[in-house]
Amino acid sequence: MSALESVCRYFEEAAGVIDLSPNMKKLLLTPEREVKVQVAMKLDNGEIATFVGYRMQHNSARGPMKGGLRFHHEVDAEEVLALASLMTWKTAVVGIPYGGAKGGISVDPRNLSEGELEQVTRRFVDEIQDVIGPDKDIPAPDMGTNAQVMAWIVNQYEKFHGFNPACVTGKPLELHGADGREEATGRGVGLLTEALLKKNGRSMKDATVAIQGFGNVGTFTAAYIHDCGGKVLAISDVGGAKYEPNGIDIPAAIEHVQQHRSLADFESSHTIPNEELLTLDVDVLIPAALGGVVTRENADEIRARYLIEAANGPVLPDADDILQRNNVIVLPDVLANAGGVTVSYFEWVQNQQYFRWDLERTRAELAKTLTDSFEKMWSLATEKHIPLRTAAYLMGIGRVGRATVLAGI
Ligand code: NAD
């Protein structure tokens, strides 16, 4: 099942609970605009390389569209569209005044030099600068992109439109970025894991955790859990998985990855096959890498009691049914990883106001936004006897639907 089919299926499940009319369903599912561009550039060796770039703008009923930019060799139109639609529901679930979009380039950034990465980014901005902007559509980092890439984007965009720091978020601090943005998604995952454990009479201190993916989201999630006294027994990245029954030394692992860009040679724990991490005997499983990793084939083997979707779309719908049957509580991506877009919103607000918040304020506002949304989702799920994911989609669809009806066509 493709990522797009997954999001549509989750949408349909929630739409069924409120008996959404077929016309409204069609309106909410149809993207507003799909942009596909050629990104051509000269490589360091003088050869010409051509990549395909996308910006999918799903819905703007609640405000300018917002969503990350992914540089990955598996990026395609359908995946980007699925992620754009997910952003529409995500921004609505946390109640920030945005719609949903997503972008990407089908390229493996690991095969590019720093200079080539800059060129591919700038050429992409040349192609999409007329459809993005602070009041239209605001990109942000996602897999394969970071604050440096955002710095190139703002610089290239400003060549066309003048000073405009709010045209993209996740920028470096020195270029109107926000303190707390880099850690925000992982910190949010940690905060919400804590909230979920608490609702179930547990605490982080007595929890064991496995985390798949040790990039931006995975490292900050691990650091938060470690700081709260939780035991992270396993971590992984594309280079391999590490397991330590007494708990991994997370600060040492983060330092190792900062120095070597991979966990492959991290010596202080056992190496296990990558796929084994998902089925370890832990309390909490956190997929924080790719989508579609929990499938019909492996869902029955998941032994964790709580699964936190830090990545976008890690659990496919058939697997979701199996997890439900096995009483695994899934905290859905539309809320679990919404910390990033929430602090992106704070960055945009600061840019619009030419004002800067300190880290303490950002963290407090983030915690309030996420825990308020979590409480609403939890109450709705309890009241209607539905899974957390369906409750979250209900919140999102309700808010986008009402905005659409109020505004009129
Ligand atoms: P990243 O590029 O910083 O890190 C991705 C990590 O996953 C890397 O450690 C990589 O080695 C690892 N990985 C890749 N394939 C793997 C595999 N097969 N097995 C194990 N590890 C593997 O990306 P990120 O920004 O941390 O994003 C991770 C996920 O979180 C994505 O699904 C992304 O869409 C989602 N997300 C990110 C943000 C954000 O603010 N960065 C916000 C919301 C959602």
Side-chain angles (χ1 to χ4, degrees), residues 3 6-7 66-75 79-80 82-84 86-87 89-91 93-94 100 102-104 108-110 139-150 168-171 177-178 180-189 192 210-223 234-242 253-254 256-258 260-264 266 271-278 285-295 298 308-315 332-345 347 366 370:
S6 290
V7 180
K66 186 90 189 82
L69 202 54
R70 181 175 282 198
F71 289 0
H72 193 272
H73 53 284
E74 283 173 6
V75 159
E79 183 195 51
V80 182
L83 293 166
L86 207 58
M87 286 307 296
W89 316 124
K90 193 179 297 184
T91 51
V93 167
V94 286
K102 199 82 179 188
D108 189 344
R110 291 171 305 178
D142 192 76
M143 271 177 85
T145 59
N146 56 20
Q148 174 62 72
V149 174
M150 301 305 118
V168 64
T169 58
K171 301 178 293 291
R181 172 60 185 90
E182 201 190 355
E183 67 174 24
T185 308
R187 188 176 177 82
V189 171
L192 291 164
I211 303 175
Q212 182 190 51
F214 211 59
N216 171 277
V217 180
T219 51
F220 282 106
T221 300
I235 52 178
S236 69
D237 69 8
V238 76
K242 303 289 168 177
I254 292 175
H256 182 91
V257 167
Q258 278 165 353
H260 306 280
R261 298 178 70 186
S262 163
L263 277 172
F266 183 55
T271 299
I272 55 169
N274 228 328
E275 59 286 356
E276 210 175 280
L277 179 137
L278 294 172
L285 173 64
I286 308 185
L290 302 169
V293 292
V294 182
T295 62
N298 65 6
I308 317 292
E309 290 190 323
N312 282 314
V315 177
D333 48 8
V334 277
L335 179 58
N337 65 32
V341 72
T342 303
V343 177
S344 270
Y345 165 57
E347 180 178 334
L366 172 68
L370 294 184

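Positions are given from 1 along the sequence. Atom set for the values below is all heavy atoms of this structure, side chains included, hydrogens, waters and symmetry mates excluded. Whatever order the structure lists them in is the order used to number ligands and atoms, beginning at 1. Nothing here was measured: the structure is a model prediction, and the numbers come from that model.
Assignment of Glu183 to the shell around ligand 1 is not supported, since no heavy atom sits closer than 4.0 Å.
In terms of protein heavy atoms, atom 33 (C) of ligand 1 is closest to Asp142 OD1, 3.4 Å. Closest to atom 27 (O) of ligand 1, if we only count protein heavy atoms, is Met143 CG, 3.6 Å. For atom 25 (O) of ligand 1, the nearest non-hydrogen atom of the protein is Asn216 CB, 3.8 Å. Of the protein's non-hydrogen atoms, Val238 N, 3.9 Å is the one closest to atom 10 (C) of ligand 1. The nearest heavy-atom contact from the protein to atom 24 (P) of ligand 1 is Val217 CG2, 3.8 Å.
Between the side chain of Asp333 and the main chain of Glu309, no donor-acceptor pair closer than 3.5 Å is present. Checking side-chain atoms of Thr145 against main-chain N and O of Leu69 turns up a donor-acceptor pair under 3.5 Å. With Asn298 contributing its side chain and Val293 its backbone, the two residues share a donor-acceptor pair below 3.5 Å.
Every residue was checked against the salt bridge (charged side-chain N to carboxylate O under 4.0 Å, His left out) condition with Asp237, not counting sequence neighbours, and none meets it. For His260, the ring pair (Phe, Tyr, Trp, His ring centres under 6.0 Å) partners are His256, not counting sequence neighbours.
The distance from ligand 1 to the heavy atoms of Leu290 drops below 4.0 Å at these ligand atoms: 15 (N), 18 (N). With ligand atoms numbered from 1 in the order given, ligand 1 contributes 31 (C), 32 (O), 33 (C), 34 (O) to contacts under 4.0 Å with heavy atoms of Arg70. Less than 4.0 angstrom separates some heavy atom of Phe214 from each of these atoms of ligand 1: 6 (C), 9 (O).
Residues Pro141 and Glu182 have side chains not in contact (no heavy-atom distance under 4.5 Å, counting atoms from C-beta outward).
A side-chain N or O of Thr271 and one of Lys242 form a donor-acceptor pair less than 3.5 Å apart.
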Q.
Using side-chain contact (heavy atoms from CB on, under 4.5 Å), reason through Ile254 and Gln258 one step at a time and then give a plain yes or no.
A. CA-CA 6 Å; Ile254 292 175; Gln258 278 165 353; 3.7 Å; yes
Q.
side chain to side chain donor-acceptor pair (under 3.5 Å), that's the test. Do Asn312 and Asn337 meet it? Break it down for me.
A. CA-CA 8 Å; Asn312 282 314; Asn337 65 32; 3.0 Å; yes
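Contact annotation for Arg110 and ligand 1: no heavy atom of the residue comes within less than 4.0 Å of the ligand. Only the backbone of Ala310 comes within 4.0 Å of ligand 1, judged by heavy-atom distances. Residue-level proximity to ligand 1 for Thr185 is carried by the side chain, the only part with a heavy atom below 4.0 angstrom. Residue contacts with ligand 1, taken as heavy atom pairs separated by less than 4.0 Å, do not involve Val293 at all.
Across every non-hydrogen atom of Gly339 and Ala184, the tightest pair is O-CB, 3.5 Å. Taking both residues in full, the closest heavy atoms of Ala253 and Ile235 are given as CB-CD1, 3.7 Å, listed atom of the first, atom of the second, then distance.
At under 3.5 Å, a nitrogen or oxygen of Asn312, whether backbone or side chain, sits near a nitrogen or oxygen of ligand 1.
Comparing Ala289, Gly170, Ser236, Gly218 against atom 29 (C) of ligand 1, the shortest heavy-atom distance belongs to Ala289. By heavy-atom distance, the residue among Ala336, Gly215, Ala241 lying nearest atom 6 (C) of ligand 1 is Gly215. Between the choices Gly144, Ala311, Ala288, the shortest heavy-atom distance to atom 28 (C) of ligand 1 belongs to Ala288.
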